[in-house]
Amino acid sequence: MSQGGPRVRAHPGRAVVTAATVTLAVGLAACGTVGEPSDSGGITATNGGSMIGLLLPSSQSSRYETWDRPLIEQRIQELCDDCTVEYANAQLDVAAQQQQVDVMITKGVEVLILDPVDARSLRSSVEKADRAGIPVVAYDRLAEGPISGYVSYDNERVGVLQGEALLEALGDKADGAQIVMLNGSPTDPNAATFKRGALSVLQGKVKIGKAYDAPGWRSEEAHASMSSAVAALGADNIDGVYAASDNLATGAISALKAAKIEPLPPVTGQNAELAAVQRIVSGEQYMSVYKPYQPEADAAAAMAVALRRGEELDEIAERRVDSPTTKNVPAVVLDPVPVTVDNIKETVVKDGVYTIDQICTPKFRSACEKTGLIG
(Lines give C-alpha, C1' and ligand atoms only; values in the text may rest on other atoms or scores of the structure.)
Protein backbone atom coordinates (compact mmCIF):
# COMPACT_ATOMS: atom_id res chain seq x y z
CA MET A 1 0.00 0.00 0.00
CA SER A 2 1.25 3.49 -0.82
CA GLN A 3 1.71 5.35 2.44
CA GLY A 4 2.22 8.75 0.86
CA GLY A 5 -0.43 10.73 -0.96
CA PRO A 6 -0.53 11.35 -4.70
CA ARG A 7 1.73 13.92 -6.32
CA VAL A 8 -0.94 16.61 -6.30
CA ARG A 9 -2.19 17.35 -2.81
CA ALA A 10 -5.20 19.18 -1.42
CA HIS A 11 -6.23 20.78 1.85
CA PRO A 12 -7.23 18.10 4.37
CA GLY A 13 -10.63 19.63 5.12
CA ARG A 14 -13.42 17.16 5.83
CA ALA A 15 -16.53 19.11 4.84
CA VAL A 16 -18.67 17.65 2.08
CA VAL A 17 -18.29 19.73 -1.07
CA THR A 18 -21.35 21.36 -2.58
CA ALA A 19 -22.08 22.07 -6.23
CA ALA A 20 -21.15 25.74 -5.86
CA THR A 21 -17.59 24.93 -4.78
CA VAL A 22 -16.83 22.98 -7.91
CA THR A 23 -17.78 25.69 -10.38
CA LEU A 24 -15.22 28.10 -8.90
CA ALA A 25 -12.32 25.72 -9.31
CA VAL A 26 -10.67 26.62 -12.61
CA GLY A 27 -10.81 29.80 -14.70
CA LEU A 28 -12.55 29.63 -18.05
CA ALA A 29 -10.59 29.60 -21.30
CA ALA A 30 -11.75 29.74 -24.90
CA CYS A 31 -13.67 26.79 -26.29
CA GLY A 32 -11.89 23.81 -27.81
CA THR A 33 -12.91 20.61 -29.56
CA VAL A 34 -13.96 17.36 -27.98
CA GLY A 35 -14.30 13.75 -29.03
CA GLU A 36 -16.83 12.75 -31.66
CA PRO A 37 -19.62 10.32 -30.69
CA SER A 38 -19.04 6.60 -31.08
CA ASP A 39 -21.69 3.89 -30.92
CA SER A 40 -19.14 1.09 -30.75
CA GLY A 41 -17.54 1.97 -27.43
CA GLY A 42 -14.20 2.36 -29.21
CA ILE A 43 -11.88 5.26 -28.47
CA THR A 44 -12.74 8.40 -30.39
CA ALA A 45 -11.31 11.88 -30.47
CA THR A 46 -10.86 15.00 -32.57
CA ASN A 47 -7.29 15.54 -33.75
CA GLY A 48 -5.18 18.36 -32.37
CA GLY A 49 -4.43 19.85 -28.97
CA SER A 50 -3.67 18.21 -25.67
CA MET A 51 -5.51 14.97 -25.00
CA ILE A 52 -7.49 14.08 -21.89
CA GLY A 53 -8.76 10.51 -21.69
CA LEU A 54 -12.24 9.61 -20.46
CA LEU A 55 -13.11 5.97 -19.75
CA LEU A 56 -16.62 5.12 -18.55
CA PRO A 57 -17.73 1.65 -17.47
CA SER A 58 -21.00 0.85 -19.22
CA SER A 59 -24.21 1.95 -20.85
CA GLN A 60 -26.22 -0.35 -18.56
CA SER A 61 -27.32 2.78 -16.74
CA SER A 62 -28.45 5.60 -19.03
CA ARG A 63 -26.54 8.18 -17.01
CA TYR A 64 -23.11 7.61 -18.56
CA GLU A 65 -23.92 8.37 -22.19
CA THR A 66 -26.78 10.78 -21.53
CA TRP A 67 -25.18 12.89 -18.81
CA ASP A 68 -21.66 12.07 -17.61
CA ARG A 69 -19.90 11.95 -20.94
CA PRO A 70 -21.38 15.07 -22.58
CA LEU A 71 -21.12 17.13 -19.39
CA ILE A 72 -17.47 16.22 -18.81
CA GLU A 73 -16.61 16.88 -22.44
CA GLN A 74 -18.42 20.21 -22.40
CA ARG A 75 -16.73 21.37 -19.21
CA ILE A 76 -13.27 20.39 -20.46
CA GLN A 77 -14.05 22.31 -23.64
CA GLU A 78 -14.91 25.40 -21.58
CA LEU A 79 -11.83 25.16 -19.37
CA CYS A 80 -9.15 24.33 -21.93
CA ASP A 81 -8.95 25.89 -25.37
CA ASP A 82 -6.45 23.38 -26.71
CA CYS A 83 -7.75 20.15 -25.15
CA THR A 84 -9.40 17.25 -26.91
CA VAL A 85 -11.13 14.32 -25.24
CA GLU A 86 -10.37 10.70 -26.05
CA TYR A 87 -13.37 8.59 -25.05
CA ALA A 88 -14.27 4.93 -24.65
CA ASN A 89 -16.97 2.91 -22.91
CA ALA A 90 -16.05 -0.52 -21.57
CA GLN A 91 -19.58 -1.98 -21.64
CA LEU A 92 -18.88 -3.79 -18.34
CA ASP A 93 -15.90 -5.64 -19.85
CA VAL A 94 -12.85 -5.48 -17.58
CA ALA A 95 -10.44 -6.70 -20.26
CA ALA A 96 -11.80 -4.14 -22.71
CA GLN A 97 -11.24 -1.33 -20.23
CA GLN A 98 -7.72 -2.52 -19.51
CA GLN A 99 -7.04 -2.44 -23.24
CA GLN A 100 -8.59 1.01 -23.49
CA VAL A 101 -6.17 2.28 -20.84
CA ASP A 102 -3.30 0.83 -22.88
CA VAL A 103 -4.56 2.61 -25.99
CA MET A 104 -4.86 5.88 -24.07
CA ILE A 105 -1.26 5.56 -22.92
CA THR A 106 -0.07 4.78 -26.43
CA LYS A 107 -1.96 7.77 -27.83
CA GLY A 108 -0.26 10.01 -25.28
CA VAL A 109 -3.12 11.36 -23.21
CA GLU A 110 -1.90 13.78 -20.57
CA VAL A 111 -4.55 12.97 -17.94
CA LEU A 112 -7.00 10.09 -17.60
CA ILE A 113 -10.48 10.27 -16.05
CA LEU A 114 -11.40 6.68 -15.14
CA ASP A 115 -14.61 5.14 -13.84
CA PRO A 116 -13.42 1.56 -13.37
CA VAL A 117 -15.56 -1.48 -14.17
CA ASP A 118 -13.63 -3.32 -11.46
CA ALA A 119 -11.45 -1.14 -9.22
CA ARG A 120 -9.17 -4.00 -8.13
CA SER A 121 -8.65 -5.40 -11.63
CA LEU A 122 -7.85 -1.95 -13.03
CA ARG A 123 -5.15 -1.32 -10.43
CA SER A 124 -2.38 -2.57 -12.72
CA SER A 125 -3.65 -0.28 -15.48
CA VAL A 126 -3.61 2.72 -13.14
CA GLU A 127 -0.05 1.81 -12.16
CA LYS A 128 0.88 1.57 -15.82
CA ALA A 129 -0.53 5.03 -16.47
CA ASP A 130 1.37 6.38 -13.46
CA ARG A 131 4.63 4.94 -14.80
CA ALA A 132 3.91 6.71 -18.07
CA GLY A 133 3.52 10.00 -16.20
CA ILE A 134 -0.24 10.19 -16.69
CA PRO A 135 -2.24 11.35 -13.64
CA VAL A 136 -5.50 9.45 -13.09
CA VAL A 137 -8.71 11.00 -11.75
CA ALA A 138 -11.02 8.34 -10.33
CA TYR A 139 -14.59 9.22 -11.31
CA ASP A 140 -17.63 8.07 -9.34
CA ARG A 141 -15.83 4.90 -8.16
CA LEU A 142 -12.65 4.92 -6.10
CA ALA A 143 -10.06 3.25 -8.31
CA GLU A 144 -7.13 1.43 -6.75
CA GLY A 145 -3.54 2.32 -7.53
CA PRO A 146 -1.73 5.69 -7.52
CA ILE A 147 -4.64 7.97 -8.42
CA SER A 148 -4.19 11.75 -8.24
CA GLY A 149 -7.80 12.73 -7.50
CA TYR A 150 -11.25 11.36 -6.83
CA VAL A 151 -14.76 12.69 -7.51
CA SER A 152 -17.94 11.04 -6.29
CA TYR A 153 -20.95 11.35 -4.04
CA ASP A 154 -21.08 10.42 -0.36
CA ASN A 155 -21.84 6.79 -1.09
CA GLU A 156 -22.49 5.72 2.47
CA ARG A 157 -24.99 8.56 2.70
CA VAL A 158 -26.72 7.16 -0.39
CA GLY A 159 -27.34 3.89 1.46
CA VAL A 160 -28.50 5.75 4.56
CA LEU A 161 -31.04 7.73 2.51
CA GLN A 162 -32.32 4.52 0.91
CA GLY A 163 -32.64 2.77 4.27
CA GLU A 164 -34.36 5.72 5.89
CA ALA A 165 -36.82 5.98 3.02
CA LEU A 166 -37.66 2.31 3.23
CA LEU A 167 -38.38 2.60 6.95
CA GLU A 168 -40.50 5.67 6.27
CA ALA A 169 -42.49 3.78 3.64
CA LEU A 170 -43.05 0.87 6.01
CA GLY A 171 -44.20 3.20 8.78
CA ASP A 172 -45.76 1.43 11.75
CA LYS A 173 -45.27 -1.90 9.98
CA ALA A 174 -41.47 -1.58 10.06
CA ASP A 175 -41.22 -3.40 13.38
CA GLY A 176 -41.20 -7.04 12.38
CA ALA A 177 -41.25 -6.33 8.64
CA GLN A 178 -39.28 -8.57 6.30
CA ILE A 179 -37.34 -7.11 3.38
CA VAL A 180 -35.22 -8.33 0.50
CA MET A 181 -31.88 -6.65 -0.21
CA LEU A 182 -30.68 -6.37 -3.80
CA ASN A 183 -27.15 -5.01 -3.57
CA GLY A 184 -24.94 -3.88 -6.42
CA SER A 185 -22.04 -5.50 -8.21
CA PRO A 186 -19.45 -7.16 -5.94
CA THR A 187 -16.67 -5.70 -8.11
CA ASP A 188 -17.89 -2.12 -7.52
CA PRO A 189 -16.46 -0.58 -4.33
CA ASN A 190 -19.45 1.79 -4.19
CA ALA A 191 -21.85 -1.15 -3.84
CA ALA A 192 -20.29 -2.21 -0.56
CA THR A 193 -20.49 1.36 0.72
CA PHE A 194 -24.17 1.72 -0.27
CA LYS A 195 -24.87 -1.54 1.54
CA ARG A 196 -22.99 -0.45 4.65
CA GLY A 197 -24.98 2.78 4.79
CA ALA A 198 -28.29 0.99 4.33
CA LEU A 199 -27.52 -1.63 6.96
CA SER A 200 -26.57 1.08 9.45
CA VAL A 201 -30.22 2.15 9.29
CA LEU A 202 -32.04 -1.14 8.66
CA GLN A 203 -30.31 -3.61 10.97
CA GLY A 204 -32.27 -4.12 14.14
CA LYS A 205 -35.32 -2.41 12.64
CA VAL A 206 -36.41 -4.97 10.03
CA LYS A 207 -35.72 -8.59 9.22
CA ILE A 208 -33.58 -9.14 6.14
CA GLY A 209 -35.18 -12.25 4.67
CA LYS A 210 -32.87 -12.57 1.68
CA ALA A 211 -29.89 -10.59 0.35
CA TYR A 212 -28.30 -10.85 -3.08
CA ASP A 213 -25.58 -9.18 -5.13
CA ALA A 214 -26.15 -8.21 -8.76
CA PRO A 215 -23.03 -8.72 -10.91
CA GLY A 216 -22.67 -5.87 -13.36
CA TRP A 217 -25.68 -4.11 -11.81
CA ARG A 218 -27.79 -5.98 -14.35
CA SER A 219 -31.56 -5.74 -14.04
CA GLU A 220 -31.92 -9.36 -15.12
CA GLU A 221 -29.82 -10.39 -12.10
CA ALA A 222 -32.19 -8.45 -9.85
CA HIS A 223 -35.19 -10.08 -11.55
CA ALA A 224 -33.79 -13.57 -10.99
CA SER A 225 -32.88 -12.81 -7.36
CA MET A 226 -36.27 -11.30 -6.62
CA SER A 227 -37.99 -14.32 -8.15
CA SER A 228 -35.89 -16.58 -5.93
CA ALA A 229 -36.78 -14.51 -2.88
CA VAL A 230 -40.50 -14.75 -3.65
CA ALA A 231 -40.21 -18.53 -4.01
CA ALA A 232 -38.24 -18.86 -0.77
CA LEU A 233 -40.13 -16.41 1.43
CA GLY A 234 -43.60 -16.46 -0.06
CA ALA A 235 -45.40 -13.74 -1.97
CA ASP A 236 -47.19 -12.50 1.16
CA ASN A 237 -44.04 -12.25 3.27
CA ILE A 238 -42.10 -9.51 1.51
CA ASP A 239 -42.81 -6.11 3.03
CA GLY A 240 -40.15 -4.05 1.29
CA VAL A 241 -37.26 -4.20 -1.19
CA TYR A 242 -33.93 -2.47 -0.84
CA ALA A 243 -32.75 -2.09 -4.44
CA ALA A 244 -29.39 -0.34 -4.60
CA SER A 245 -30.08 1.27 -8.00
CA ASP A 246 -32.93 2.06 -10.34
CA ASN A 247 -31.66 -0.60 -12.70
CA LEU A 248 -32.04 -3.20 -9.95
CA ALA A 249 -35.42 -1.75 -9.03
CA THR A 250 -36.50 -2.38 -12.64
CA GLY A 251 -35.70 -6.08 -12.32
CA ALA A 252 -37.19 -6.36 -8.85
CA ILE A 253 -40.49 -4.74 -9.80
CA SER A 254 -40.84 -6.85 -12.94
CA ALA A 255 -40.36 -9.99 -10.82
CA LEU A 256 -42.89 -8.81 -8.22
CA LYS A 257 -45.41 -8.15 -10.97
CA ALA A 258 -44.76 -11.54 -12.53
CA ALA A 259 -45.53 -13.08 -9.14
CA LYS A 260 -48.80 -11.08 -9.15
CA ILE A 261 -47.93 -9.36 -5.87
CA GLU A 262 -50.36 -6.52 -5.33
CA PRO A 263 -50.04 -3.92 -3.99
CA LEU A 264 -46.32 -3.77 -4.63
CA PRO A 265 -44.13 -3.37 -1.55
CA PRO A 266 -42.04 -0.18 -1.33
CA VAL A 267 -38.90 -0.39 -3.48
CA THR A 268 -35.87 1.92 -3.29
CA GLY A 269 -33.52 2.95 -6.08
CA GLN A 270 -30.68 5.25 -7.12
CA ASN A 271 -29.72 7.49 -10.05
CA ALA A 272 -33.13 9.11 -10.63
CA GLU A 273 -33.43 7.60 -14.10
CA LEU A 274 -36.45 8.72 -16.11
CA ALA A 275 -38.18 5.34 -15.93
CA ALA A 276 -37.66 5.32 -12.17
CA VAL A 277 -39.11 8.80 -11.77
CA GLN A 278 -42.13 7.66 -13.76
CA ARG A 279 -42.46 4.60 -11.53
CA ILE A 280 -42.32 6.87 -8.49
CA VAL A 281 -45.14 8.96 -9.97
CA SER A 282 -47.23 5.86 -10.66
CA GLY A 283 -46.53 4.37 -7.23
CA GLU A 284 -44.53 1.34 -8.36
CA GLN A 285 -41.25 2.58 -6.87
CA TYR A 286 -41.11 4.46 -3.59
CA MET A 287 -37.94 6.51 -4.06
CA SER A 288 -34.66 7.03 -5.83
CA VAL A 289 -31.47 8.88 -4.95
CA TYR A 290 -30.62 11.85 -7.14
CA LYS A 291 -26.93 12.57 -7.62
CA PRO A 292 -26.79 15.75 -9.74
CA TYR A 293 -24.52 15.02 -12.68
CA GLN A 294 -23.33 18.56 -13.35
CA PRO A 295 -21.25 19.16 -10.19
CA GLU A 296 -19.64 15.71 -10.42
CA ALA A 297 -18.77 16.20 -14.08
CA ASP A 298 -17.53 19.75 -13.43
CA ALA A 299 -15.25 18.58 -10.63
CA ALA A 300 -13.74 15.80 -12.74
CA ALA A 301 -13.12 18.15 -15.64
CA ALA A 302 -11.62 20.78 -13.36
CA MET A 303 -9.28 18.23 -11.78
CA ALA A 304 -8.20 16.87 -15.16
CA VAL A 305 -7.45 20.32 -16.59
CA ALA A 306 -5.58 21.39 -13.45
CA LEU A 307 -3.46 18.22 -13.53
CA ARG A 308 -2.80 18.69 -17.23
CA ARG A 309 -1.46 22.17 -16.40
CA GLY A 310 0.69 20.79 -13.60
CA GLU A 311 -1.36 22.59 -10.95
CA GLU A 312 -2.24 21.35 -7.49
CA LEU A 313 -5.83 20.59 -6.58
CA ASP A 314 -6.08 22.77 -3.48
CA GLU A 315 -8.88 24.99 -4.79
CA ILE A 316 -10.89 22.06 -6.15
CA ALA A 317 -10.62 19.27 -3.58
CA GLU A 318 -11.52 20.10 0.01
CA ARG A 319 -11.35 16.52 1.30
CA ARG A 320 -8.92 13.64 1.26
CA VAL A 321 -9.84 9.98 1.13
CA ASP A 322 -7.91 6.72 1.42
CA SER A 323 -8.24 3.96 -1.14
CA PRO A 324 -7.12 0.39 -0.39
CA THR A 325 -3.77 1.30 -1.95
CA THR A 326 -3.26 5.06 -1.67
CA LYS A 327 -3.68 7.47 1.23
CA ASN A 328 -4.63 11.16 1.22
CA VAL A 329 -6.17 11.29 -2.24
CA PRO A 330 -7.56 14.79 -2.98
CA ALA A 331 -11.31 14.35 -3.27
CA VAL A 332 -14.55 16.10 -4.09
CA VAL A 333 -17.38 14.34 -2.24
CA LEU A 334 -20.87 15.61 -2.99
CA ASP A 335 -24.23 15.34 -1.22
CA PRO A 336 -26.90 12.99 -2.66
CA VAL A 337 -30.58 13.91 -2.57
CA PRO A 338 -33.54 11.56 -2.00
CA VAL A 339 -36.32 11.78 -4.58
CA THR A 340 -39.91 10.83 -3.76
CA VAL A 341 -43.22 11.75 -5.29
CA ASP A 342 -43.25 14.84 -3.06
CA ASN A 343 -40.13 16.56 -4.41
CA ILE A 344 -39.81 15.66 -8.10
CA LYS A 345 -40.47 19.27 -9.13
CA GLU A 346 -37.89 20.61 -6.67
CA THR A 347 -35.14 18.22 -7.77
CA VAL A 348 -34.89 16.67 -11.23
CA VAL A 349 -37.35 19.07 -12.86
CA LYS A 350 -35.90 22.20 -11.29
CA ASP A 351 -32.37 21.16 -12.31
CA GLY A 352 -33.46 20.55 -15.89
CA VAL A 353 -32.73 16.83 -15.86
CA TYR A 354 -36.25 16.09 -17.11
CA THR A 355 -39.17 18.21 -18.15
CA ILE A 356 -42.72 17.63 -16.96
CA ASP A 357 -43.58 16.56 -20.50
CA GLN A 358 -40.84 13.93 -20.48
CA ILE A 359 -42.11 12.50 -17.21
CA CYS A 360 -45.83 12.88 -17.82
CA THR A 361 -46.23 11.01 -21.08
CA PRO A 362 -49.77 9.85 -21.94
CA LYS A 363 -49.18 6.60 -20.04
CA PHE A 364 -48.44 8.54 -16.84
CA ARG A 365 -50.71 11.54 -17.35
CA SER A 366 -53.39 10.40 -14.91
CA ALA A 367 -50.80 9.62 -12.23
CA CYS A 368 -49.15 13.00 -12.81
CA GLU A 369 -52.48 14.71 -12.29
CA LYS A 370 -53.09 12.83 -9.06
CA THR A 371 -49.65 13.72 -7.70
CA GLY A 372 -49.89 17.37 -8.73
CA LEU A 373 -47.12 17.35 -11.32
CA ILE A 374 -49.63 18.64 -13.83
CA GLY A 375 -52.90 20.45 -13.24
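- Without hydrogens or angle criteria, Asp118 side chain to Ser121 main chain gives a donor-acceptor distance under 3.5 Å.
- Every residue two or more places apart in sequence or in another chain was checked for a ring pair (Phe, Tyr, Trp, His ring centres under 6.0 Å) with Tyr64, and none qualifies.
- The backbone N or O of Leu233 lies less than 3.5 Å from a partner atom in the side chain of Asn237, making a donor-acceptor pair.
- Using modelled atom types, one side-chain atom of Thr193 and one backbone atom of Pro189 make a donor-acceptor pair closer than 3.5 Å.
- Separating the OG atom in Ser219 from the CG atom in Leu182 is a distance of 11.5 Å, to the nearest 0.5 Å.
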message: Applying side-chain hydrogen bond (donor to acceptor under 3.5 Å, both in side chains) to Glu296 and Tyr153, what does each step give before you reach the verdict?
response: CA-CA 8 Å; Glu296 190 176 19; Tyr153 276 80; 5.4 Å; no
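- Between the side chain of Asp102 and the main chain of Gln97, no donor-acceptor pair closer than 3.5 Å is present.
- Residues Asp140 and Ser152 form a side-chain contact, since some pair of their non-hydrogen atoms from C-beta on lies under 4.5 Å apart.
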query: Stepwise, does the side-chain contact (heavy atoms from CB on, under 4.5 Å) test hold for Asn328 with Asp322?
result: CA-CA 6 Å; Asn328 299 318; Asp322 295 340; 4.2 Å; yes
Which pairs would a plain distance check flag for residues 272-279, meaning a side-chain donor or acceptor within less than 3.5 Å of a matching protein atom at least two apart in sequence or in another chain?
unit_1: Glu273; atom_1: OE2; unit_2: Ser61; atom_2: OG; d: 2.6
unit_1: Gln278; atom_1: NE2; unit_2: Gln358; atom_2: O; d: 3.2
unit_1: Gln278; atom_1: NE2; unit_2: Ile359; atom_2: O; d: 3.1
unit_1: Arg279; atom_1: NE; unit_2: Gln285; atom_2: OE1; d: 2.9
unit_1: Arg279; atom_1: NH1; unit_2: Thr250; atom_2: OG1; d: 3.2
unit_1: Arg279; atom_1: NH2; unit_2: Asp246; atom_2: O; d: 3.3
unit_1: Arg279; atom_1: NH2; unit_2: Thr250; atom_2: OG1; d: 3.2
unit_1: Arg279; atom_1: NH2; unit_2: Gln285; atom_2: OE1; d: 2.9

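- Electrostatic pairing of Arg308 and Asp82 counts as a salt bridge here, judged by a charged N lying under 4.0 Å from a carboxylate O.
- Put simply, the side chain of Ser185 gets close to the backbone of Gly216: a donor and an acceptor are under 3.5 Å apart.
- Judged by distance alone, with hydrogens and angles left aside, the side-chain atoms of Glu110 form no donor-acceptor pair with the main-chain N or O of Gly53 at under 3.5 Å.
- Judged as a disulfide bond (SG atoms under 2.5 Å apart), not a single pair has a partner in residues 198-294 (not counting sequence neighbours).
- Side-chain contact between Val349 and Thr355 is absent, with no heavy-atom pair separated by less than 4.5 Å.
- A salt bridge does not link Asp335 with Arg157: every distance from a Lys NZ or Arg NE/NH1/NH2 to an Asp or Glu carboxylate oxygen is 4.0 Å or more.
- With rounding to the nearest 0.5 angstrom, the CD1 atom of Ile374 is 4.5 Å from the CD atom of Glu369.
- The pair Asp154-Lys291 fails the salt-bridge criterion, with no side-chain N (NZ, NE, NH1 or NH2) lying under 4.0 Å from an Asp/Glu carboxylate O.
- For the pair Lys257 and Glu284, the salt-bridge criterion is met [side-chain N within less than 4.0 Å of a carboxylate O].
- For the atom pair CG (Asn183) and CG (Asp188), the distance works out to 11.5 Å, reported to the nearest 0.5 Å.
- Atoms OG1 and CD1, from Thr371 and Ile344 in turn, are 6.5 Å apart once rounded to the nearest 0.5 Å.
- Sorted by first and then second residue, the side-chain hydrogen bond (donor to acceptor under 3.5 Å, both in side chains) pairs involving residues 165-174 (not counting sequence neighbours) form an empty list.
- Taking the side chain as every heavy atom from C-beta outward, Asp93 and Val117 never approach each other to under 4.5 Å.
- Shown here are the side-chain contact (heavy atoms from CB on, under 4.5 Å) partners of Ser366, two or more places apart in sequence or in another chain: Lys370.
- Applying the ring pair (Phe, Tyr, Trp, His ring centres under 6.0 Å) test to pairs two or more places apart or on separate chains, those with a residue in residues 263-297 are Trp67-Tyr293.
- Formation of a donor-acceptor pair under 3.5 Å by the Thr347 side chain with backbone atoms of Val339 is not found in this model.
- In this structure, CG on Leu71 lies 4.5 Å from CD on Gln294, to the nearest 0.5 angstrom.
- Separating the CZ atom in Arg123 from the OG atom in Ser323 is a distance of 8.5 Å, to the nearest 0.5 Å.
- A 4.5 Å side-chain heavy-atom check between Met226 and Ile238 finds at least one atom pair inside the cut-off.
- Exactly one of Leu167, Leu202, Val241, Thr268 qualifies for a side-chain contact (heavy atoms from CB on, under 4.5 Å) with Ile179. That residue is Leu202.
- No donor-acceptor pair under 3.5 Å is formed between the side chain of Glu86 and the backbone N or O of Ile52.
- A salt bridge between Glu65 and Arg69 is present, with a side-chain N of the basic residue lying under 4.0 Å from a carboxylate O of the acidic one.
- With contacts defined as side-chain heavy-atom distances shorter than 4.5 Å, the pair Ser228/Lys210 does not qualify.
- Between Leu56 and Tyr87 there is a side-chain heavy-atom pair separated by less than 4.5 Å.
- With salt bridges taken as basic N to acidic carboxylate O contacts below 4.0 Å, none links Lys205 and Asp175.
- For the pair Thr66 (side chain) and Arg63 (backbone), a donor-acceptor distance under 3.5 Å is absent.
- At distances below 3.5 Å, at least one donor-acceptor pair connects side-chain atoms of Asn89 with backbone N or O atoms of Ser58.
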